[in-house]
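Below is one structure; the comments refer to it alone.
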Number of protein chains: 2
Amino acid sequence: MPGIADVARLAGVSKATASRALTGTGYVSEATRNKVRAAAASLNYVASTSAVSLSTGRTHNIGVVMPYLNRWFFAEVLEGIQVELLERGLDLTLYDAKPGTRGRQRIFDDYLARKRFDGLIAVGLEPDDNELERLVSIGFPVVSVVGSGDATTVVEIDDDYAARRATEHLVELGHRDIAFIGGGDATTQSAQVDRRRVSGYFNAMKAAGMSANARHIVSEVTLPGAYAAAVDALGDARTRPTAIVATCDEVAIGAIIAARRLGVQVPSDLSVIGIDDHEFAEMFSLTTLQQSPREQGRIAVERLLEHLEDPDLPTTVERLPARLVVRSSTAALDPRRTTGAIDRREADHAR
Amino acid sequence: MPGIADVARLAGVSKATASRALTGTGYVSEATRNKVRAAAASLNYVASTSAVSLSTGRTHNIGVVMPYLNRWFFAEVLEGIQVELLERGLDLTLYDAKPGTRGRQRIFDDYLARKRFDGLIAVGLEPDDNELERLVSIGFPVVSVVGSGDATTVVEIDDDYAARRATEHLVELGHRDIAFIGGGDATTQSAQVDRRRVSGYFNAMKAAGMSANARHIVSEVTLPGAYAAAVDALGDARTRPTAIVATCDEVAIGAIIAARRLGVQVPSDLSVIGIDDHEFAEMFSLTTLQQSPREQGRIAVERLLEHLEDPDLPTTVERLPARLVVRSSTAALDPRRTTGAIDRREADHAR
DNA sequence: TTGAAAGCGGTACCAG
DNA sequence: CTGGTACCGCTTTCAA
């Protein structure tokens, strides 16, 4: 593999000139530039990244840390980041930091310190205090997709709004007995995203004067997990809500599949709304609050590069809006059905 | 950020000694080694990867190229690779090489040549001749997970066997009208994996003397794609097969969901078998041929490191067995049902 | 067992 | 506009 010295020799110029010609930095005459380029091309020359990094201090590599690779949101963000980086000639080094694993520990202890990259994108990382401290003091720009706090620059959707809007949609359809399904209960260790969404739901219920009807069906935030939780929760027709807002589409779809299994018709017996606009949303006719993780990945790269350009840039928090996409998993409450927990209890007594 | 010179100074030794002490190469007395280590620790010293790479020629970084990140198989393999690399202190640089994109082209044209990594793992890449040529002549070891040919070292399951075994399982249950659903028809540009699986299916049908009944329902190899294809294909009770083997679990599940929507009972009206043992398999009680992409990722790393140790090692092809996992999406053919395309046609006449 | 010094392959300053 | 040269931070002979 040829070095720049070989190129220089072949072009009949010095290493310095060859470097200038190739990188585009500094003055070089058109003529020599072409000579050098031709030489480089004929030699199939590619600059060694380590040498470039060592001498410039730039790695042209971006680190990406995320706790899951196999969930829709994360995979989409990753693809968004990848496409954008590829476009700009940057490499992507990936770290899978599953909570509670030794791997995650090593990432924070060793890998991040190696400075193999110029900047870092943390996706839904939910770092604990110790980890956050490390992230912030790491010495190069960090942007978070779905952040915690504003210690770093953040790109995310407005979770509170999304959950509120979802709940409102159901309220507008006449539902009163609306449950929330997902993670994020106060007791267990759960993701901040989920907690923000639960709270958006509770806020909306309160605003509609339906706090008393509010309830949280706790479920693992995966499709099978939600299926299992929903099979349990939707079994009894007397305690079944008329509508549910799910913390994300995977959970919503798990619930829909559970409902079908139980013979509960969606949306006539049960309305379901999610958040995401997952790739499966269409086939389940899922009404949802659409977000674009891909776009968030793209924006994260953009922000990161800005911070790379100007390290003194203040950190920012960007909250993208989620858009309501109405399909047919939600419908107006059937007037023949009982309408909410309280009414239902009265109805029970009346029997 | 301190350099090795700082460590050396603090420990009162030369750079050379410090380096030896830290890397474990060459003779250093216990005493000085400890001094150096202490100094490094107190300074929070971490060697610059670019400097190490430049001087040793090793990047301690592995490249991973795959065409999809958001499909189960790929995400699982990636996680398997990641875990193994993390364990060994190696970094992972990821390239998302979607077929037909400019990004893919750039990966092959520019990125791979930068030698940012010591070795490459290509997952389900299905390179065209030109790309394969590049891959092989790249100058460092390459191992493929799901390979094409044996130009590189390969780790994969035996697709032909998996599809055959799946088909045989249905045959053993008394089915005669068994269709295959998935990509891989000869006409369109499709993945080799799928083609190998179709052919396994056809082989098994032939071996069972049921070639005449064999048919291929062409479907996109995604869950929603399979759902759409299955809704079309399973609608008419008279042409509906009694069993289907799906090219993978995502397709199988798409088909099951379609069947449910159409009111077709699985397994009493229709048996479905897949290949994978996907994370959703359990919740759909899917009978399948189990493979472990994670394990394949792990093995790929192992092989790659062997080739890194000894560049002269011959390439190998490793085909892991898939194991039949029987759940309840398959059942013995209901004797009241007609049994196969030919018989059915006769039955139609009889009416 | 340790230290001095020569690279690894570029970039960038400074002089010409 | 071009060439000489120091240096990026570490490893690795080679001598001591």
Side-chain angles (χ1 to χ4, degrees), chain A residues 1-40 43-61 89 91 110 113-118 139-140, chain B residues 1-40 43-61 89 91 110 113-118 139-140:
Chain A
M1 56 231 76
I4 200 169
D6 301 301
V7 175
R9 197 174 315 121
L10 181 59
V13 298
S14 70
K15 271 171 58 182
T17 302
S19 172
R20 267 170 298 194
L22 260 17
T23 60
T25 328
Y27 297 100
V28 189
S29 74
E30 263 312 299
T32 45
R33 159 161 300 134
N34 290 143
K35 261 193 315 192
V36 173
R37 281 198 181 141
L43 256 42
N44 237 288
Y45 166 78
V46 180
S48 142
T49 46
S50 345
V52 174
S53 304
L54 186 54
S55 100
T56 61
R58 291 293 210 175
T59 62
H60 298 289
N61 187 28
D91 278 311
D110 309 342
R114 295 189 193 172
K115 300 203 175 299
R116 201 175 207 126
F117 30 78
D118 301 328
F140 47 70
Chain B
M1 56 230 75
I4 200 169
D6 301 301
V7 175
R9 197 173 315 121
L10 181 60
V13 298
S14 71
K15 275 171 53 183
T17 303
S19 172
R20 272 175 302 221
L22 261 16
T23 59
T25 328
Y27 296 101
V28 189
S29 74
E30 262 313 297
T32 46
R33 160 161 298 134
N34 290 143
K35 260 194 316 194
V36 174
R37 281 200 182 139
L43 256 41
N44 238 286
Y45 166 77
V46 180
S48 141
T49 47
S50 348
V52 174
S53 304
L54 186 55
S55 99
T56 63
R58 290 294 211 175
T59 62
H60 298 289
N61 188 28
D91 279 311
D110 310 343
R114 294 190 193 172
K115 300 203 175 297
R116 210 184 197 118
F117 31 77
D118 301 327
F140 47 70

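Chain letters run A, B, ... following the sequence lines, proteins first, then strands; residues in each count from 1. Any value given below was found using the heavy atoms of this structure, including those in side chains, with hydrogens, waters and symmetry copies removed.
- One can place CZ of Arg9(A) at 12 Å from P of dG9(C), the figure rounded to the nearest angstrom.
- Along DNA chain C, the nucleotide nearest Ser14(B) and the nucleotide nearest Ser55(A) are compared for position; the residue whose nucleotide lies closer to the 5' end is Ser14(B).
- Screening Ser48(A), Ser53(A), Ser50(A) for a side chain to side chain contact (heavy atoms under 4.5 Å, CB included) involving Ser53(B) leaves a single residue, Ser50(A).
- Thr23(B) comes within contact range of the sugar-phosphate backbone alone, with a heavy-atom separation under 4.0 Å but no base atom that close.
- In this entry the distance linking CG of Leu54(B) with C1' of dG10(C) reads 8 Å, nearest Å.
- dC1(D) atom P lies 10 Å from atom CD of Glu30(A), rounded to whole Å.
- Among dG3(D), dT2(C), dT2(D), the nucleotide with an atom closest to any side-chain atom of Val13(A) is dG3(D).
- Atom OH in Tyr45(B) sits roughly 7 Å away from atom C1' in dC10(D) (whole-Å rounding).
- Applying the 3.5 Å distance criterion, the base of dG9(D) shares no donor-acceptor pair with the side chain of Lys15(B).
- Using a 4.0 Å heavy-atom criterion, one finds that Ser53(B) contacts no nucleic acid atom at all.
- Separating the NE2 atom of His60(B) from the P atom of dC10(D) is a distance of 13 Å, rounded to the nearest angstrom.
- Between the P atom of dC8(D) and the NZ atom of Lys115(A) lies a distance of 17 Å, rounded to the nearest Å.
- Each of Ile4(A) and Gly26(B) lies near DNA chain C, and the nucleotide nearest Gly26(B) is the one positioned closer to the 5' end.
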